[in-house]
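Chain letters run A, B, ... following the sequence lines, proteins first, then strands; residues in each count from 1.
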Amino acid sequence: MPSRIDDLARNRLEKLSRIRACGIDPYPPRYHRSHTIKEVLALFEQGGDLLTRLAGRITASRPMGRATFMDIRDGSGRIQLYLRKDILGDKYQLLKSLDIGDFIGATGRVFRTGSGEVTLEVADLAILSKSLRPLAEKWHGLTDVEKRYRQRYLDLVSSEEVRDIFFVRSHIITAMRRFFDGRGFLEVETPVLQPVAAGAMARPFSTYHHTLDQTLYLRIATELYLKRLIIGGLDRVYEIGRVFRNEGTSTHHNPEFTMLESYEAYADYEDVMEMVEEMVTFIAEEVLGTAQIQFGVDKIDLSHWERITLREAIEKATGRGDRPGIDIEQYPDAESLRGAMARLAAEDAPERLVADWSGLEKMSRGKLIDKLISSFVEPNLIQPTFVLDYPVELSPLAKRKPDNERLVERFEAFCGGMEVANAFTELNDPIEQRERFREQEQLRSLLGDDELERTDDDFLQALEYGMPPTGGLGMGIDRLVMVLTGKQSIREVILFPQLKAKG
RNA sequence: GGGCCGUUAGCUCAGUUGGAAGAGCACCGGACUUUUAAUCCGGGUGUCCAGGGUUCGAGCCCCUGACGGCCUACCA
């Protein structure tokens, strides 16, 4: 049984043969246009009469006997073509072999139709590429989410909104580079393949280099290499690059994602906070013209970031009118904190939290606090907020606060209910850094948690040569794009999100 | 990993109590020289995700699986 798609393809193959039979190459090597469609539309509005040579994909066709209207689109815009048999002569027959989806070139005069649309009256026509498969339906476009991601090109062809997301994404990154370049930062590139996947707490992808006979890991962060550059005297560096974490996908996670990291010598986390506030404001104004944005049902002011300590944030988020929340300072060990969380789970929405917090017994204090953050704090931080001063056991690369050795000078930036950035005053004491790595390794063997920080001896050696006081930042660019485009799923802002291969 | 939902024509979607697989767009044929979701006339083109099962009979009910979405978990 031939399916309908075979039928459609056969029709188009027949047209292809007809075109070839006329001595026309349906896939010519080049076609030089004089303008883009956008340029022509602008020029016409300025000056009127205009001869031009355009190219684009046919997106609609309205045949009317001895005349036909078509819409074509190039990367810049859409324009209507008016094709008349009395002008095109024999070439008018070629229209019978054209389909929506084909690329054509057209020369002619631009005019305005009776109904007011700027239109190209075609004097000559060329086929540039024959399409053999039908595009999505013109009115609804492509809505099957799986198909949209697997065949993103079809999604892009049929949806201006989707195209816009990726224009905005590109503009965001351009603006980000301009921001850093303007502040004297040097853009650098560090290894993607690393012998130790360090600089974050995540499970890495591993691979193997045959000639070196060695296991290598795809980076989970750029942090430790960028710090080596600070040690080397490059006082301000940043890198925008892909990092890879061997973990699940969700509306906020993709196994590979794009991260910005920046390091600035002689700065601390307060300086980084100010910089993030300025950077996000700058990017929003450059890209959207305003820092006041709509995210879901919420209005967000990206130019102003609240500051709250983690201790306060957790206490506030876990409290309920009459009953005070959990003050983590009062629970200095995993045991007591676990007890407090168990009480909270019992009193408050037990059906949800009891299930969620099933693995509580095995967790370290840091992990428990992390749990509190992701369950209570993060989802409720819609307005831009810096959460400050994290427990040291959660932050092996950050410097302790001078007045409280259980806390580090670290902040996470939250917006739209997501963590978008993480920053700290970098730990530059090599002896303490070695000790912190050691603690992480201990925890790892104790808890069997392969997502803890790994020791990078080569980095420790570098640190022993001396690193100046430094403020560092990591920002999830995909999530920033989500905030600035109002998208609730990270897959909407990644061109080809990770999907399982079809069996 | 767990729960819920989805998968029907190229695309967007209907499909009643288990009783002959449908519509719009696209496509094919015809008409039409200012249309624009063009219009008018005619044409339905299918591995109902896959594999089992129940039944006289399954798109529909049951089981298993695949893929996807959402929630949840994991994820500084």
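Judged as a salt bridge (charged side-chain N to carboxylate O under 4.0 Å, His left out), the pairs with a partner in residues 110-119 of chain A (not counting sequence neighbours) are, in order, A:E45-A:R112, A:R78-A:E117. Judged as a salt bridge (charged side-chain N to carboxylate O under 4.0 Å, His left out), the pairs with a partner in residues 57-66 of chain A (not counting sequence neighbours) are, in order, A:R62-A:D71.
Candidate nucleotides B:C28, B:U12, B:U33 were compared by shortest atom distance to the side chain of A:H140, and B:U12 ranks first. In this structure, of B:U12, B:C70, B:U34, it is B:C70 that holds the atom nearest to the side chain of A:S489.
Between A:K500 and B:G69 there is no side-chain N or O to OP1 or OP2 distance below 4.0 Å. A:R148 has no side-chain polar atom (N or O) that falls below the 4.0 Å cut-off from OP1 or OP2 of B:U12. Dashed line: the shortest gap from a side-chain N or O of A:R62 to OP1 or OP2 of B:U35 is not under 4.0 Å.
Within the 4.0 angstrom heavy-atom criterion, base atoms lie near A:L394. Across all strands shown, A:G476 has no heavy atoms under 4.0 Å from either base or sugar-phosphate atoms. Residue A:Y82 is in base contact, counting any heavy-atom pair closer than 4.0 Å across all strands shown. Using a 4.0 Å heavy-atom cutoff across all strands shown, A:R112 reaches no nucleic acid atom at all. Across all strands, A:D86 comes closer than 4.0 Å to base atoms (heavy-atom distances). As judged by a 4.0 angstrom heavy-atom cut-off over every strand, A:E247 is placed among residues touching the sugar-phosphate backbone only. Nucleic acid contact for A:G141: sugar-phosphate only, since backbone atoms but no base atoms lie under 4.0 Å from a heavy atom of the residue. Residue-level contact check: A:T249 touches the bases, meaning some heavy atom is under 4.0 Å from a base atom.
Taking atom P in both B:C63 and B:C5, the straight-line distance is 12 Å, to the nearest Å. Spacing of C1' atoms, B:C41 relative to B:U55, comes out at 45 Å, to the nearest Å. Across B:C60 and B:G22, the matching C1' atoms stand 15 Å from one another, rounded to whole Å.
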Between the protein and nucleotides 39-41 of chain B, are there any N/O to N/O pairs under 3.5 Å, and if so, what are the atom names and distances?
none

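On a pure distance criterion of 3.5 Å, no polar donor-acceptor pair joins the side chain of A:T143 and the base of B:U12. Below the 3.5 angstrom threshold, one finds no donor paired with an acceptor across the side chain of A:R66 and the base of B:U33. For A:Q80 against B:U35, a side-chain N or O and a base N or O form a donor-acceptor pair under 3.5 Å.
Atom CH2 of A:W139 and atom P of B:G10 are 24 Å apart (whole Å).
Contact check on A:R307 versus A:E270 returns no salt bridge, with no Lys/Arg side-chain nitrogen under 4.0 Å from an Asp/Glu carboxylate oxygen.
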